[in-house]
Amino acid sequence: MDAAVERAMGVFWTRGYHATALPDLLRATKLSRGSLYAAFGDKHSLFLRALDRYIADAVARMDNELAAARPPIDGLRAFLAGYVDRTSGANGRRGCLLVATAMELAGQDAEVGRRVAGFFKAMETRVADALSRAKTAGQLADGVEPPSAAKVLVCFVEGLRVVGKTAPARTASQATADALLDRFTR
C-alpha cells in the first residue's frame with residue numbers, strides 16, 4: 001500500500017490532479033482497476049492519501065530542522081536552507097506537490113483546502129515556536145514578534161517554491177533567505 005501511494009504521489013506531483021487519468025495511476029501503482037478501487041476507493045481518495053503522505057514527510061522534515069534541542073537560529077537557518085535546496089535545480093523545476101495542489105484544488109475541494117491550510121498552519125506554528133525560543137534567548141531584533149515573523153517566513157518559503165519553477169541560482173535564493181532571517185535576528 002505504501003509503495004502504491006508513493007508511486008501515485010509521483011504521478012499526481014508530475015501531472016496534477018485533473019491531468020492524471022486512471023490508466024496513469026494503474027501503470028504507476030501496478031494495480032488492476034479492481035485492486036486500486038478496493039484498496040483506495042477512487043482517484044480522489046488515493047490523491048488524498050498521497051497528499052497526506054507528502055504532508056507527513058514535510059512535517060517530519062520540519063520537526064527535524066526546527067527541533068527544540070537545536071539552537072533556534074540554527075534550526076531556522078536549516079529550515080530555510082532546506083527550502084533553498086528543494087527549490088534549486090531539478091528539484092525546483094519539479095515544484096511542490098502542496099503548492100501545485102493549492103493552486104489547482106484548494107479553492108474548490110474542501111478536503112484538499114483543509115489539508116493545505118492545516119499544513120501551512122503547522123508550518124507557521126513550528127516556525128513561530130523556534131522564533132519564540134530565539135526571542136527568549138535574546139536573539140531576535142527589537143520589535144520582531146514571532147507570530148508575525150512566522151507568517152512572513154512561511155510566505156517566503158512557499159514563494160520560493162513557486163519561483164523555484166524558474167530555476168533561480170541557488171546562491172541567490174540562499175542569499176535572500178539569509179538576508180530575510182538576518183532582518184529578524186540580532
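Nothing fancy with the numbering, it's 1 onward along the sequence.
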At what distance, to the nearest 0.5 angstrom, does CE of Met1 lie from CZ of Arg49?
4.5 Å
Tightest non-hydrogen contact, residues Leu31 and Phe40, listed as CD1-CE1, 3.9 Å
Has the side chain of Arg53 got a donor or acceptor atom that lies under 3.5 Å from a matching backbone atom of Asp2?
yes
Grab the two heavy atoms, one from Arg170 and one from Ser88, that are nearest each other, plus how far apart they are.
CG-OG, 3.3 Å
Out of Leu22, Leu25, Thr20, which one pairs with Leu46 under the side-chain contact (heavy atoms from CB on, under 4.5 Å) rule?
Leu25
Quick check: closest heavy atoms across Phe119 and Ala58, and the distance to 0.1 Å?
CE1-CB, 3.6 Å
Return the CG to CG distance between Leu98 and Asp57, rounded to the nearest 0.5 Å.
12.0 Å
Kindly say whether Leu140 contributes a backbone atom to a donor-acceptor pair with the side chain of Arg186 at under 3.5 angstrom?
yes
Any donor-acceptor pair under 3.5 Å from Thr14 side chain to Val11 backbone:
no
Are the side chain of Arg115 and the backbone N or O of Asp52 linked by a donor-acceptor pair below 3.5 Å?
no
Between the CG atom in Leu80 and the OG1 atom in Thr176, the distance rounded to the nearest 0.5 Å is 11.0 Å
Can you confirm whether Val163 sits close enough to Thr87 that some side-chain heavy atom of one is under 4.5 Å from a side-chain heavy atom of the other?
no
Determine the minimum heavy-atom distance between Arg70 and Ala78, stating which atoms define it.
NH1-CB, 3.1 Å
Report yes or no: does Arg86 contribute a side-chain atom to a donor-acceptor pair with the main-chain N or O of Gly82 at less than 3.5 Å?
yes
Taking the side chain from Arg126 and the backbone from Ala122, do they hold a donor-acceptor pair closer than 3.5 Å?
yes
Tightest non-hydrogen contact, residues Met62 and Met123, listed as SD-CG, 3.5 Å
Does one hydrophobic cluster hold both Val127 and Val144, with members joined at side-chain heavy-atom distances below 4.5 Å?
yes
Residues, nucleotides or ligands: over 12 heavy atoms within 6.0 Å of Lys151 NZ
no
Same cluster or not: Val162 versus Phe156, using hydrophobic residues (I, L, V, M, F, W, Y) connected whenever any side-chain heavy atoms lie under 4.5 Å apart?
no
Exam field: side chain Glu124 to backbone Val154, donor-acceptor pair closer than 3.5 Å:
no
Look only at the side chain of Arg7 and the backbone of Ala28, and say whether a donor-acceptor pair between them is shorter than 3.5 Å.
yes
Is there a path of hydrophobic side-chain contacts, each under 4.5 Å between heavy atoms, that joins Val59 and Met9?
yes
Is the shortest side-chain heavy-atom distance between Tyr83 and Glu158 below 4.5 Å?
yes
Stepwise, does the side chain to side chain contact (heavy atoms under 4.5 Å, CB included) test hold for Asp178 with Arg77?
CA-CA 8 Å; Asp178 291 341; Arg77 289 201 188 283; 3.9 Å; yes
Check whether any side-chain heavy atom of Leu76 sits under 4.5 Å from a side-chain heavy atom of Ile73, and report yes or no.
yes
Under the side chain to side chain contact (heavy atoms under 4.5 Å, CB included) rule, what do Tyr17 and Val112 come out as? Steps first, then yes or no, please.
CA-CA 11 Å; Tyr17 178 77; Val112 169; over 6 Å; no
Taking everything shown except Arg33 itself, do over 12 heavy atoms lie less than 6.0 Å from its CZ?
no
So do the side chains of Tyr54 and Phe12 get within less than 4.5 Å of each other, counting heavy atoms only?
no
Under 3.5 Å, is there a donor-acceptor pair linking the side chains of Asp42 and Ser45?
yes
Are the charged groups of Asp129 and Arg133 less than 4.0 angstrom apart, N to O?
yes
Do Lys135 and Phe184 form a cation-pi contact, if we require the NZ or CZ to be under 6.0 Å from the six-membered ring centre and within 45 degrees of the ring's axis?
no
Between Leu66 and Asp63, is a side chain to side chain contact (heavy atoms under 4.5 Å, CB included) present by the stated rule, with each step listed?
CA-CA 5 Å; Leu66 298 169; Asp63 286 344; over 6 Å; no
Transitively linked via ILVMFWY side-chain contacts under 4.5 Å: Phe47 with Leu26?
yes
From CZ (Phe120) to OG1 (Thr125), nearest 0.5 Å:
13.5 Å
What heavy-atom pair brings Ala128 and Pro146 nearest, and what distance separates the two atoms?
O-CB, 3.7 Å
Nearest 0.5 Å, what's the CG-SG distance between Leu180 and Cys155?
10.5 Å
Do Thr101 and Asp109 have side chains that approach each other closer than 4.5 Å (heavy atoms only, starting at C-beta)?
no
Using a 3.5 Å distance criterion without hydrogens, assess whether the side chain of Asp24 forms a donor-acceptor pair with backbone atoms of Ala21.
yes
